[in-house]
Amino acid sequence: MAEDDLLKHRRDKLAALETAGIDAYPARVSVDGTVQSVRARFDETEADELEEIAPGVRLAGRVTALREHGKSAFSDLDDGTGHIQCHLRQKLLGDDSFGAWIELDLGDFVGVEGTLFRTRTGELTVRVDRWEFVAKALRPMPEKWHGLKDTEVRYRQRYLDLLANPDVRDIFRRRAEIIRALRAHLDANDFLEVETPTLQPLYGGAAARPFRTHHNTLDMDLYLRIAPELYLKRLLVGGLQRVYDLNRNFRNEGISRQHNPEFTMLEFYAAYWDYGRMMDFAEELLCLAFGHPDGSSPLTYQGEELSLARPWARVTLRDALIERGNMDAALVDDENALRAWLDERDVATGGLGLGGLREAALDKVVKPLLTSPVFVVDYPLEISPLSKVKPGESDVVERFELYMGGMEIANGYSELNDPREQGRRMREQVANRGEHDDEVPPEVDEDYIVALEHGMPPAAGIGIGLDRLVMLATDSSTIRDVILFPLLRQRD
RNA sequence: GGGCCGUUAGCUCAGUUGGCAGAGCACCGGCCUUUUAAGCCGGGUGUCCAGGGUUCGAUCCCCUGACGGCCCA
């Protein structure tokens, strides 16, 4: 039947309901449990025992199947916590009520009241004594057996994806569990959850192109934050020793399997920690998030086994290229040779020094090889403007990036708290900023420098990409599968 | 931004070496009081993504575009 006809049939049925004086969208329905709670109590109860107790239930949900049998019918009711079969009998309900049930469309919401029993085949079933109309569905549900596969529809109309594909519901439940586990462990370790501005007059804390917006009353240009870092560190100055911010960041860059323009980041800071202690804590926190607190069970990600066994590997950026990437030490140590090697591989090298070239090699060439967790440590100063220099070194900072499943998962460092050096680095960045180089803010965040001048304790901080974490935990190959409404191009 | 692939019924998908468009589920009409991907009988419901071209004839071949996927930047 053509779509217009399908919709017309449903609209006609809605009109018929209303003609019969039935409210198709009543304000309330009386329910005394969920399918899940009913199943928890009676899934194991035998047929004869059920007969004896005759448990009364009132449930509401969508009708997802209707099997007519002349003077009776079976239907499946799905309330979002699970589905349960209902048995309707003409003799019990009367002709009008039974006839109205037969006229239901799949997807309509109903409330049922009745008694639990087991059918001949042992299925837990509600023998419906009374039912009421709860809400009309004017459009057809996706097909019940194959589900909904069209990726475009799945993302654009996520509600259909959630209705049709139970695995998808599980992913988003898992996402919520992970967030709960992260918060619980941070809270237990005296981290204070805070909210810092999304609308910022200047952006910072990462190298990324921002989204711009404007506040009308103040007639003020603003940026959506690319990271909360500089505000969280202001809080360290203010005496909040451990803070975290779990929220959305926005980067006006490409979209890929690992990038969505808005994404969720957990960022936290601890006074008096250094980057080594932060790595220890991150290991512990992530193992909890994965549900393997001792790290003993591996994760399977995209067909590869990924060991969580602690301690997680820590290798310097230089060694990561040599040991993990099988690159020659001579190549890794020779700026010109490395630049040529990257040019051959079409990796952009403009303006980069040896440190930047090494980072580019890691990002573009070696990263896919990093499956089991590895902290790449001791980053070049030239690409780390907010990190503290490693004692005894001139161009290496106390910074790490965590790689898992071929993805960058986290980035952390011992925080630079010397206002003079921070000011120098920021001024240098702005001075070297190209005309259209949006990755660097147009001016120095002097307000942040003033904050540091008031004194910031030594501290370590980290940012963890929550979406990628959920990808690992749910074995999802694309970030769109762990974000409910990923950004897609507008149609038409 | 570049390359490759895809877009056919509400959904999942076949198909036409260019000649009236197919299946299962859903849907519509009928039968059926323990079915559960219920079953049985009957019914195909369509802008074959859009526009242009080639052709007697295009869903199919060519071009352009839209949207999506994968890979690369």
Side-chain angles (χ1 to χ4, degrees), chain A residues 1-13 47 50-51 62-78 82-95 98-99 101-108 114-128 137-166 209 253-259 302 342-350 360 363-365 367-368 406 476-481 486-492:
Chain A
M1 179 158 304
E3 180 165 25
D4 284 350
D5 294 331
L6 290 172
L7 300 191
K8 183 173 186 305
H9 272 287
R10 288 184 180 233
R11 283 196 303 269
D12 288 349
K13 286 184 181 178
L50 263 186
E51 205 68 39
R62 283 186 193 270
V63 175
T64 57
L66 177 52
R67 297 179 286 280
E68 280 184 67
H69 288 269
K71 295 184 174 63
S72 80
F74 288 95
S75 273
D76 295 332
L77 187 76
D78 191 319
H83 58 90
I84 192 164
Q85 178 169 261
C86 296
H87 189 215
L88 296 297
R89 295 167 66 186
Q90 190 167 29
K91 207 171 160 187
L92 265 173
L93 289 167
D95 293 354
F98 181 77
W101 186 280
I102 297 304
E103 287 300 305
L104 287 174
D105 288 313
L106 299 190
D108 288 352
T115 312
L116 285 178
F117 75 108
R118 274 189 198 284
T119 62
R120 196 180 286 166
T121 53
E123 171 114 9
L124 189 65
T125 302
V126 182
R127 182 183 294 116
V128 177
L138 287 173
R139 290 175 183 273
M141 305 259 293
E143 199 244 6
K144 62 184 170 184
W145 191 240
H146 297 91
L148 179 67
K149 292 188 176 172
D150 186 311
T151 44
E152 198 171 340
V153 177
R154 286 186 48 228
Y155 298 145
R156 287 189 195 277
Q157 293 175 279
R158 182 69 91 178
Y159 46 92
L160 295 178
D161 191 27
L162 291 164
L163 281 173
N165 301 319
R209 298 168 60 199
E253 297 181 338
I255 294 176
S256 78
R257 288 200 299 168
Q258 292 170 24
H259 298 86
Q302 302 297 297
L342 288 168
D343 286 342
E344 273 170 38
R345 285 158 182 77
D346 290 325
V347 176
T349 58
D363 190 51
K364 302 296 182 190
V365 182
K367 184 167 74 174
S476 299
S477 65
T478 160
I479 199 167
R480 294 182 200 92
D481 283 341
L487 186 64
L488 298 185
R489 205 181 291 268
Q490 199 80 33
R491 299 210 80 159
D492 302 325

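Worth knowing before you read on, the calculation uses all heavy atoms, side chains too, and leaves out hydrogens, waters and symmetry mates. Numbered from 1 within each chain, the chains take letters A, B, ... in sequence-line order.
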* To do: Could you check Val153(A) against Ile255(A) and say which one's nearest nucleotide on RNA chain B is further toward the 5' end?
  => Val153(A)

* Asked: On a whole-Å scale, what distance lies between the C1' atoms belonging to rG19(B) and rA9(B)?
  -> 22 Å

* To do: Please determine if a side-chain N or O atom of Arg489(A) lies less than 4.0 Å away from the OP1 or OP2 oxygen of rG68(B).
  => yes

* With rounding to whole Å, what would you report as the distance between rC5(B) and rG18(B) at their C1' atoms? -> 23 Å

* Asked: Counting any heavy atom closer than 4.0 Å, what does Asp150(A) reach on the DNA or RNA strands: base, sugar-phosphate only, or nothing?
  -> sugar-phosphate

* At under 4.0 Å between heavy atoms, what does Leu7(A) touch on the DNA or RNA strands: base, sugar-phosphate, or nothing? -> nothing

* To do: Output the single nucleotide from rG24(B), rG69(B), rU35(B) whose closest atom is nearest the side chain of Arg480(A).
  => rG69(B)

* Base, sugar-phosphate, or nothing for Arg257(A), non-hydrogen atoms under 4.0 angstrom? -> sugar-phosphate

* If only side-chain N and O atoms of Lys149(A) are considered, is one of them under 4.0 Å from the OP1 or OP2 phosphate oxygen of rG6(B)? -> no

* Would you mind telling me which of rC71(B), rC27(B), rG68(B) lies closest to the side-chain atoms of His9(A)? => rC27(B)

* Asked: Using atom C1' of each nucleotide, how far apart are rA23(B) and rG15(B) to the nearest Å?
  -> 10 Å

* Nearest-Å distance once atom P is located in both rG10(B) and rA73(B) -> 40 Å

* Asked: What integer number of Å spans the C1' atoms of rU8(B) and rG46(B)?
  -> 8 Å

* **Below 4.0 Å: OP1/OP2 of rA38(B) and any side-chain N or O of Arg67(A)** => yes

* Considering only atom C1', compute the distance from rA26(B) to rG51(B) and round it to an integer number of Å. => 32 Å

* **Distance, P atom - from rC60(B) to rC71(B), rounded to whole angstrom** => 29 Å

Measure all distances between protein nitrogen or oxygen atoms and nitrogen or oxygen atoms of nucleotides 30-34 of chain B, and list the pairs falling under 3.5 Å.
from	atom 1	to	atom 2	distance (Å)
rC32(B)	N3	Glu68(A)	O	3.4
rC32(B)	N3	Gly70(A)	N	3.2
rC32(B)	N4	Glu68(A)	OE1	3.3
rU33(B)	OP2	His69(A)	O	3.3
rU33(B)	OP2	Lys71(A)	N	3.1
rU33(B)	O4'	His69(A)	O	3.4
rU33(B)	O4'	Ser72(A)	OG	3.4
rU34(B)	O2'	Arg120(A)	NE	2.8
rU34(B)	O2'	Arg120(A)	NH1	2.9
rU34(B)	O2'	Arg120(A)	NH2	3.2
rU34(B)	O2	Arg120(A)	N	2.7

* Can His69(A) and Ser72(A) be counted as having a side-chain donor-acceptor contact under 3.5 angstrom? -> no

* Could you tell me whether Arg158(A) and Asp161(A) have a side-chain N and a carboxylate O separated by less than 4.0 Å? => yes

* Give a yes/no answer on whether the side chain of Arg10(A) brings an N or O atom under 4.0 Å of OP1 or OP2 in rC27(B). => no

